[in-house]
Asks: 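Below you will find the structure I want to go over with you.
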2 protein chains.
Amino acid sequence: MAGMMKAEWLALGDACPVRLLLDRIGDRWSVLVLTELDPGVRRFSELRRSIPDISQRMLTQTLRSLETDGFISRTVFPTVPPRVDYELTDLGRSLMVPLGGLIDWVKANDATVRGARRQPTTMPGEPASSRPTMAAAG
Amino acid sequence: MAGMMKAEWLALGDACPVRLLLDRIGDRWSVLVLTELDPGVRRFSELRRSIPDISQRMLTQTLRSLETDGFISRTVFPTVPPRVDYELTDLGRSLMVPLGGLIDWVKANDATVRGARRQPTTMPGEPASSRPTMAAAG
DNA sequence: CTGTATCCGCGAGGATACTG
DNA sequence: CAGTATCCTCGCGGATACAG
């Protein structure tokens with residue numbers, strides 16, 4: 001990437017690493033599941049209880065996706081009733097380092113983020129000139 | 001949050017900070033726009049050129065959302081033709097620290113992430129017992 | 001217990017045309 | 001230049017039923 005401006009690789013579409021990650025863990029449940037697996041191995045039913053509002057279908061689908069992408073491993077115990085363990089891979093644990101940093105930021109700034117919510121300078125149907133965040137013409 | 005287990009606040013739904021952030025910047029374009037604004041102030045048309053595959057509608061919508069959430073500021077110059085500057089707020093710059101860590105990880109592990117893609121242990125229609133990642137019964 | 005299969009609603013987001 | 005307004009598609013994800 002030597003000599004490559006940021007705007008350039010951002011413009012690469014599928015080749016953009018940021019988009020790549022967002023496509024993998026930017027969905028509704030992946031980060032939640034990864035966070036649940038951070039402390040250690042969990043089985044399917046434990047994950048269901050930990051994330052009550054996820055549907056069975058989406059939990060399975062999310063786990064398959066994370067497994068396909070190499071972030072978690074899946075271990076089947078051929079017992080009856082069946083048992084399946086899920087665990088972060090080395091890649092998954094590696095990801096949890098910066099991801100944990102982001103999560104920590106969110107927890108630390110939770111109140112601030114909620115409080116920061118305000119009216120945008122322009123509302124639909126309203127002329128932009130009727131609002132404050134204005135600068136003098138150059 | 002003293003004495004509160006992770007699984008508990010994860011289960012809080014709307015009260016979960018992780019979900020809160022994902023709802024705000026977990027969409028297709030927010031992180032890209034934030035990254036473009038990281039070096040400094042940018043105007044609307046510059047952002048469009050920097051992110052060619054974003055539609056005008058989505059750029060506007062993403063900018064409004066980020067502004068509403070307090071991550072960026074919007075400054076209108078009442079000139080003709082009009083000019084609008086976008087810039088990270090203190091909150092936005094604060095967010096870019098851990099977010100930058102994640103982006104750095106993605107860039108550093110780009111090849112690994114792409115290479116990690118493999119077959120899941122179970123494919124639809126295939127019995128789980130026909131695949132390797134198996135453990136001995138307890 | 002750990003899934004699969006099927007149906008379906010809803011909303012994110014693209015395309016296009018128009019405006020101050 | 002910097003948006004709005006409108007229409008429309010597509011697929012995420014919920015609900016439900018069934019299976020090994």
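We name chains A, B, ... by the order of the sequence lines, and we start the count at 1 in each one. Side chains are part of it too, since the values below use all heavy atoms of this structure and drop only hydrogens, waters and symmetry mates.
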Asks: Just by distance, no angles: are the side chains of Tyr86(B) and Arg42(B) close enough, under 3.5 Å, to form a donor-acceptor pair?
Replies: no
Asks: Go through the steps for Cys16(B) and Leu32(A) under the test side chain to side chain contact (heavy atoms under 4.5 Å, CB included), then give the verdict.
Replies: CA-CA 10 Å; Cys16(B) 170; Leu32(A) 246 35; 4.2 Å; yes
Asks: Is there a donor-acceptor contact under 3.5 Å from the side chain of Thr62(B) to the main chain of Met58(B)?
Replies: yes
Asks: Considering just the side-chain nitrogens and oxygens of Arg74(B), establish if one lies under 4.0 Å of OP1 or OP2 belonging to dG3(D).
Replies: yes
Asks: Please list, for nucleotides 12-16 of chain C, all pairs of protein and nucleotide N/O atoms separated by less than 3.5 Å.
Replies:
from    : atom 1 : to       : atom 2 : distance (Å)
dG13(C) : OP1    : Arg28(B) : N      : 3.2
dG13(C) : N7     : Arg57(B) : NH1    : 3.1
dG13(C) : N7     : Arg57(B) : NH2    : 3.2
dG14(C) : OP2    : Ser55(B) : OG     : 3.3
dG14(C) : N7     : Arg57(B) : NH1    : 3.4
dG14(C) : O6     : Arg57(B) : NE     : 3.3

Asks: Are Asp27(A) and Ser30(A) linked by a side-chain donor-acceptor pair shorter than 3.5 Å?
Replies: yes
Asks: Less than 4.5 Å apart, any side-chain heavy atom of Val106(B) and any of Val18(A)?
Replies: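 The answer is no; the side chains never approach within 4.5 Å.
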Asks: Looking at side-chain heavy atoms only, is the closest gap between Val84(A) and Arg74(A) below 4.5 Å?
Replies: yes
Asks: Could you tell me the separation between the CG atom of Leu32(A) and the P atom of dG13(D), rounded to a whole number of Å?
Replies: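 After rounding, the gap between these two atoms is 12 Å.
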Asks: Rounded to whole Å, please give me the gap between CG in Asp85(A) and C1' in dG3(C).
Replies: 15 Å
Asks: May I ask you to evaluate whether Ser45(A) reaches the phosphate of dT2(C), defined as a side-chain N or O under 4.0 Å from OP1 or OP2?
Replies: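 The answer is yes; a side-chain N or O of Ser45(A) sits under 4.0 Å from OP1 or OP2.
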Asks: Would you indicate which nucleotide in dT4(D), dT2(C), dA2(D) comes nearest to any side-chain atom of Phe44(A)?
Replies: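 Of dT4(D), dT2(C), dA2(D), dT2(C) is nearest to the side chain of Phe44(A).
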Asks: Say whether, by atom type as modelled, one donor and one acceptor occur between the side chain of Arg19(B) and the main chain of Arg28(A) under 3.5 angstrom.
Replies: yes
Asks: Closest-nucleotide mapping onto DNA chain D: is Pro82(A) or Pro81(B) further toward the 5' terminus? I mean the 5' end.
Replies: Pro81(B)
Asks: Measure the distance from CG on Leu59(A) to C1' on dC12(D) and round it to the nearest whole Å.
Replies: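 After rounding, the reported distance stands at 16 Å.
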Asks: Between Glu67(A) (CD) and dG3(C) (C1'), how many Å, whole number?
Replies: 13 Å
Asks: Would you please confirm or rule out a distance under 4.0 Å between OP1 or OP2 of dT4(D) and any side-chain N or O of Arg64(B)?
Replies: yes
Asks: Are the charged groups of Asp90(A) and Arg93(A) less than 4.0 angstrom apart, N to O?
Replies: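 Yes, Asp90(A) and Arg93(A) are salt-bridged.
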Asks: Do the numbers put Arg83(B) on top of the ring of Phe77(B), so that NZ or CZ is under 6.0 Å from the six-membered ring centre and no more than 45° off the axis?
Replies: yes
Asks: Over the length of the helix from dC1(C)-dG20(D) to dG20(C)-dC1(D), how much do the five-pair end axes diverge, rounded to 10 degrees?
Replies: 50°
Asks: Could you work out which one of dT2(C), dG3(D), dC1(D) sits closest to the side chain of Val84(B)?
Replies: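 From the listed options, dG3(D) comes nearest.
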Asks: Establish, with yes or no, whether the OP1 or OP2 oxygen of dT2(C) is under 4.0 angstrom from a side-chain nitrogen or oxygen of Arg48(A).
Replies: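 Looking at the OP1 and OP2 atoms of dT2(C), neither is under 4.0 Å from any side-chain N or O of Arg48(A).
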